[in-house]
Amino acid sequence: MGQRLSGGRSCLDVPGRRVPEPPPPPPPVRRKLALLFAMLCVWLYMFLYSCAGSCAAAPGLLLLGSGSRAAHAPPALASPAGDGTPSRQSFRAPPATLLAAGKEMAEGAESQEEQNPEAPDSPSPISSFFSGSGTKQLPQAIIIGVKKGGTRALLEFLRVHPDVRAVGAEPHFFDRSYDKGLAWYRDLMPRTLEGQITMEKTPSYFVTREAPARISAMSRDTKLIVVVRDPVTRAISDYTQTLSKRPDIPTFESLTFKNRSAGLVDTSWSAIQIGIYAKHLELWLRHFPLGQMLFVSGERLISDPAGELGRVQDFLGLKRIITDKHFYFNKTKGFPCLKKAEGSGKPHCLGKTKGRTHPHIDREVVRRLRDFYRPFNRKFYQMTGLDFGWD
Ligand SMILES: Nc1ncnc2c1ncn2[C@@H]1O[C@H](COP(=O)(O)OS(=O)(=O)O)[C@@H](OP(=O)(O)O)[C@H]1O
């Protein structure tokens with residue numbers, strides 16, 4: 001008698017013969033497996049595609065999928081053609097004029113930020129994996145100043161954001177290399193995906209007479225960030241930097257005055273001139289509305305980095321991803337540091353050239369300088385609508 005596999009009669013039921021090997025899984029099961037496999041492939045592809053930009057900027061895979069690109073895209077800067085060609089271009093210009101000139105001995109070599117290890121252009125392994133994706137865009141946001149304000153700290157902190165891609169070194173395009181043209185400038189930029197913001201920082205732009213018109217010619221929509229710091233401390237910081245390179249320069253006290261007994265401050269010394277923020281800001285306001293500029297407190301960037309970063313992310317139209325969870329206070333360094341740096345994912349403080357010990361400055365000179373800056377500071381508070389509390 002034939003064996004029955006199921007309750008009903010089967011055409012395989014042959015009387016007197018054994019049932020052959022069990023048949024392969026019925027077609028619906030195989031189809032389901034194939035469908036599952038296909039879905040897995042599609043999901044994997046979408047996952048890799050969506051994280052391409054985020055991974056490239058994020059400290060590690062922990063931030064994957066946290067991107068907010070499309071929802072927080074900045075105003076488009078790209079040309080109507082979408083190839084990043086700016087709508088208004090300006091090529092071949094004479095060299096820019098530094099407003100803050102003079103006292104050559106205590107200037108010059110220090111007009112450029114020292115090469116520092118926290119400003120790598122070399123991408124992380126993940127970034128390298130995705131380096132072929134995206135296109136190079138002109139920056140939509142620039143940290144234009146001020147020198148010694150805390151500009152490197154701000155950029156390094158911002159780079160943690162998956163939607164921010166920034167060039168590591170200072171390009172100095174709008175002050176020193178403008179004649180090289182916008183195509184040259186754009187080529188310095190990292191690749192970005194749609195919705196990611198391209199940024200750079202060059203603090204000397206804030207005191208470069210030609211910079212406002214030139215940036216506006218690139219794009220009137222460029223967002224400008226200025227990190228400001230008490231101009232007296234800033235001047236001492238500036239001097240300290242120069243002193244570290246040229247220990248033979250005159251004292252801060254002697255460089256500060258044209259005539260010390262008369263109390264006449266030397267405004268031609270760049271260390272002094274850069275801190276007259278109201279005067280520089282006037283030039284920018286001829287080309288940009290105030291609302292397109294964000295003033296970051298250099299002091300609060302140290303005391304409350306997450307708070308200042310919150311303001312910056314809002315200004316850039318970014319989701320608030322960088323929070324106090326990203327920072328810790330390093331007692332040895334005496335500054336906030338990143339728990340996970342962009343690229344390495346390891347704890348990271350800024351290098352030795354940031355956070356130097358300042359030399360002692362005669363109290364009377366500091367007092368005179370405070371008196372000198374007070375009216376300019378007040379004007380600056382008035383213009384920006386922000387009281388930085390330096391007086
Ligand atoms: N987190 C953190 N770590 C280290 N340093 C910090 C940080 N936040 C702000 N700062 C302050 O940044 C000052 C240097 O400013 P900049 O980066 O704008 O300098 S530069 O113009 O690019 O040379 C630097 O000035 P000095 O202290 O005078 O060296 C620092 O006070």
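When a ligand or atom number is given, it counts from 1 through the structure's own listing order.
For the side chain to side chain donor-acceptor pair (under 3.5 Å) with T151, the qualifying choice from R229, E156, E170, K201 is K201, the only one to do so. Between Y277 and the options F376, F295, Y381, W390, a ring-ring contact (aromatic ring centres under 6.0 Å, His included) holds for only W390. Exactly one of L316, I197, D163 qualifies for a side chain to side chain contact (heavy atoms under 4.5 Å, CB included) with L158. That residue is L316.
Scanning all protein heavy atoms for the shortest distance to atom 9 (C) of ligand 1 gives I302 CG1, 3.5 Å. The single protein non-hydrogen atom nearest to atom 23 (O) of ligand 1 is K148 NZ, 3.2 Å, given as residue, atom name and distance. Looking only at heavy atoms of the protein, atom 18 (O) of ligand 1 is closest to T151 OG1, 2.5 Å. The closest protein non-hydrogen atom to atom 31 (O) of ligand 1 is R229 NH2, 3.4 Å. Scanning the protein for heavy atoms near atom 12 (O) of ligand 1, the closest one is G150 CA, 3.4 Å. Shortest contact from atom 20 (S) of ligand 1 to any protein heavy atom: K354 NZ, 3.5 Å. The single protein non-hydrogen atom nearest to atom 24 (C) of ligand 1 is G355 N, 3.7 Å, given as residue, atom name and distance. Of the protein's non-hydrogen atoms, the one nearest atom 10 (N) of ligand 1 is F335 CE2, 3.9 Å.
Under the 4.5 Å side-chain criterion, counting only non-hydrogen atoms from C-beta, R165 is not in contact with M189. Between F380 and V228, some side-chain heavy-atom pair lies under the 4.5 Å cut-off.
For ligand 1, the atoms closer than 4.0 angstrom to any heavy atom of H358 are 26 (P), 27 (O), 28 (O). Residue contact check: A153 has heavy atoms under 4.0 Å from atoms 7 (C), 8 (N), 9 (C) of ligand 1. Interface of Q241 with ligand 1, defined as ligand atoms under 4.0 Å from a residue heavy atom, comprises 23 (O). Each of the atoms 25 (O), 26 (P), 28 (O) of ligand 1 lies under 4.0 Å from some heavy atom of S237. When each atom of ligand 1 is checked for a heavy atom of F157 under 4.0 Å away, the hits are 1 (N). Near G149, meaning under 4.0 Å from one of its heavy atoms, ligand 1 places the atoms 15 (O), 18 (O).
Between W269 and Y239, the angle of the ring planes goes over 60°, which puts this pair in the perpendicular group of the 30/60° scheme. Using cut-offs of 30° and 60° for the angle between ring planes, the F174 and Y178 rings count as tilted.
Ligand 1 has a nitrogen or oxygen under 3.5 angstrom from a nitrogen or oxygen of K201. Close N/O approach between P336 and ligand 1 is found [any backbone or side-chain N/O within under 3.5 Å].
Ligand 1 has at least one atom lying under 4.0 Å from a heavy atom of E170.
A donor and an acceptor atom, one from each side chain of Q196 and T198, are nowhere located under 3.5 Å apart.
Applying the 6.0 Å contact sphere to NZ of K346 captures no more than 12 heavy atoms from other residues, nucleotides or ligands.
No part of F327 comes within 4.0 Å of ligand 1, judged by heavy-atom distances. Looking at E299 against ligand 1, nothing comes within 4.0 Å, counting heavy atoms.
For D175 and R214, the salt-bridge test fails: no basic side-chain N is under 4.0 Å from an acidic carboxylate O.
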(message) For a side-chain contact (heavy atoms from CB on, under 4.5 Å) check, start with the C-alpha distance between I321 and Q313, then their side-chain angles and the critical distance, and finish with the verdict.
(response) CA-CA 8 Å; I321 284 176; Q313 290 170 95; 4.2 Å; yes

(request) Apply side-chain contact (heavy atoms from CB on, under 4.5 Å) to D266 and I272, showing your working. (result) CA-CA 7 Å; D266 188 351; I272 301 294; 5.6 Å; no

